[in-house]
Amino acid sequence: GVMTVAALNITNASGATTLTQNNAVSNLGAVDSTGGNFTLNNKQGGGTALTITDTLDATGHNIDIDTGVAAITFSGTPTVTSTNLTLTSSTLTDLNLATLSTSGNLVLKPSVTSSTIGLGDTSTGTFNLVDNEIAKVKSSGATSITIGASNGTGVLDIGAPVDLAAKTVTLNSGQINESGDAISAGSLTLNLASSTGANAVKTTVDSLTANTTGGTDAVNKGISVDETNALTLNTINAGTGAVDIDADDNAITFTANTITSGDLTLTGSTLTDLDLATLATSGALVAKPKVTSSTIGLGDTSTGTFNL
C-alpha cells in the first residue's frame, strides 16, 4: 500500500525493495538494500519532496528514486552506493553534500520533459546542477552519465564550463545555445529536440554523437559545434538541419557512421578517414582548413596539409 511517513529507514539484505505506489516519504534515512534493487516512487499528489539524510547502500544492485514534480534534497553527508543510480525529480538540491559511489550508469533527470535544465553556477534551468554538484557527479565512478530525460524538450542552459572530462556523457534536452562555456567530456552524445532555434555548443571532447531530429523544423534541427581539440565524429543526425563542425586547427577523424544534414560544413586542420563515413547531405557540403594559409592536397600522392 501507499506509505505516508515522515522518516523511513529500511534494512533488506535478502531481496529487492520495491516501493512503487505513490508514496509520500519526507525523509529517507539509512537504507540497506544489499539483497537487491531499491526502488522508491514518491509521487503522492504528483510528487512529494524527499530529503536523503543517511547512507543508501545497494552494493551490486540498482537504486531508482522518483519524486515526481518535487525536489530531492541531500542533507548531512550521505553516501549512495549502487551499480546504476537513477534520480528523477523537479530538481536536485545540495547534491554536493553526498558521496556517489556508482559503478554503472548514473541518470539524473527532471520528471517533466519540458523542464529547463541548467549546468553551472550561473545557469538558469529549473533542474539545476551547480559546479560543485557537477564535480560530485564526475567523481562518482559511473561508467556513463546521463543528464535529462530521453524525451526532454526543455532548453539546456550552460552557466559555466562543465567539467566532465574523460567521462561518457549524454545530454537530453531541447535547445542548447552556448558558444562561450565549454562542455568537457571523453565521449559526448547530444539528443536535442529544439523548438526555440538552432543549437550551438562549445566542446572539449574526444568524440561526438548527436541527434537533433527532435527539432520542430529544419532551423531547430541545426547544430554548430565549436571544438577546441581534435575530434572523432560518430553518428550525426540532423535530418534536414544544417551541421557546422569546427575543430579549430585540429584534425576531424571519421568513423564508419552516417552524417545526415542539410548543409554540412567541416573545418579543421585536416579530415582523417573521411572515406569511412557516409555523408547523407541534402544541401551544400563545405570542407576547409581553419588556417587560411594551409596547403590543400587532393588525391593519393598529394602533399597538402589539408588532404583528401
Side-chain angles (χ1 to χ4, degrees), residues 1-112 127-129 132-150 164 167-170 172:
V2 173
M3 289 191 303
T4 303
V5 296
L8 178 65
N9 296 274
I10 292 175
T11 299
N12 183 4
S14 60
T17 302
T18 305
L19 307 172
T20 55
Q21 301 294 327
N22 287 326
N23 299 295
V25 177
S26 300
N27 293 279
L28 186 60
V31 171
D32 179 351
S33 188
T34 51
N37 297 337
F38 176 75
T39 303
L40 174 61
N41 181 334
N42 211 50
K43 297 195 293 185
Q44 188 174 119
T48 299
L50 178 70
T51 299
I52 296 174
T53 62
D54 209 334
T55 296
L56 309 184
D57 186 1
T59 300
H61 304 284
N62 303 326
I63 293 176
D64 189 338
I65 299 174
D66 187 345
T67 61
V69 297
I72 296 176
T73 298
F74 294 83
S75 177
T77 56
T79 296
V80 181
T81 304
S82 63
T83 301
N84 300 328
L85 173 62
T86 302
L87 299 176
T88 307
S89 63
S90 63
T91 194
L92 302 174
T93 301
D94 294 332
L95 179 61
N96 56 292
L97 297 178
T99 298
L100 306 180
S101 180
T102 305
S103 60
N105 304 319
L106 173 59
V107 180
L108 308 175
K109 57 190 174 83
S111 54
V112 178
F127 187 91
N128 195 45
L129 295 173
N132 57 7
E133 292 175 317
I134 293 170
K136 282 300 179 82
V137 170
K138 181 181 179 181
S139 66
S140 66
T143 55
S144 72
I145 296 165
T146 299
I147 299 172
S150 59
L164 293 169
K167 295 296 182 179
T168 298
V169 178
T170 298
N172 301 317

Distance-only side-chain donor-acceptor flag, [X] / [Y], under 3.5 Å:
X	Y	result
Thr34	Asp32	yes
Thr55	Asp57	no
Thr17	Asn12	yes
Asn105	Ser144	yes

Is any side-chain heavy atom of [X] closer than 4.5 Å to a side-chain heavy atom of [Y]?
X	Y	answer
Thr39	Leu19	no
Val80	Ile63	yes
Leu87	Leu85	yes
Leu40	Asp64	no
Asn84	Val107	no
Met3	Gln21	no
Leu56	Thr81	no
Leu108	Val137	yes

Okay, side chain of [X], backbone of [Y]: is any donor-acceptor separation there less than 3.5 Å?
X	Y	value
Lys136	Ala98	yes
Asn41	Lys43	yes
Ser82	Thr102	no
Glu133	Leu95	yes

> Does the side-chain contact (heavy atoms from CB on, under 4.5 Å) test come out yes or no for Ile147 and Lys109, once each step is laid out?
Replying inline: CA-CA 6 Å; Ile147 299 172; Lys109 57 190 174 83; over 6 Å; no
> Could you go step by step and tell me if Phe74 and Thr93 meet the side-chain contact (heavy atoms from CB on, under 4.5 Å) rule?
Replying inline: CA-CA 6 Å; Phe74 294 83; Thr93 301; over 6 Å; no
[X] side, atom [atom1]; [Y] side, atom [atom2] - distance, nearest 0.5 Å:
X	Y	atom1	atom2	result
Ser75	Asp94	OG	CG	8.0 Å
Leu97	Thr77	CG	OG1	8.0 Å
Ile72	Ile52	CD1	CD1	5.5 Å
Asn22	Asp66	CG	CG	9.5 Å
Gln44	Asn23	CD	CG	7.5 Å

Closest heavy-atom contact between [X] and [Y]?
X	Y	result
Asn37	His61	OD1-CB, 3.4 Å
Asn9	Ala30	OD1-N, 2.8 Å
Ala49	Asn42	O-ND2, 4.3 Å
Ser89	Thr91	OG-O, 2.8 Å
Asn27	Thr53	OD1-CG2, 4.1 Å
Gly15	Ser33	O-OG, 4.4 Å

> After noting the C-alpha distance and the side-chain angles of Ile134 and Asn132, does the key distance pass the side-chain contact (heavy atoms from CB on, under 4.5 Å) rule?
Replying inline: CA-CA 5 Å; Ile134 293 170; Asn132 57 7; over 6 Å; no
>> As a quick check of understanding, evaluate side-chain contact (heavy atoms from CB on, under 4.5 Å) for Val169 and Thr146, giving each step before the final call.
In response: CA-CA 6 Å; Val169 178; Thr146 299; over 6 Å; no
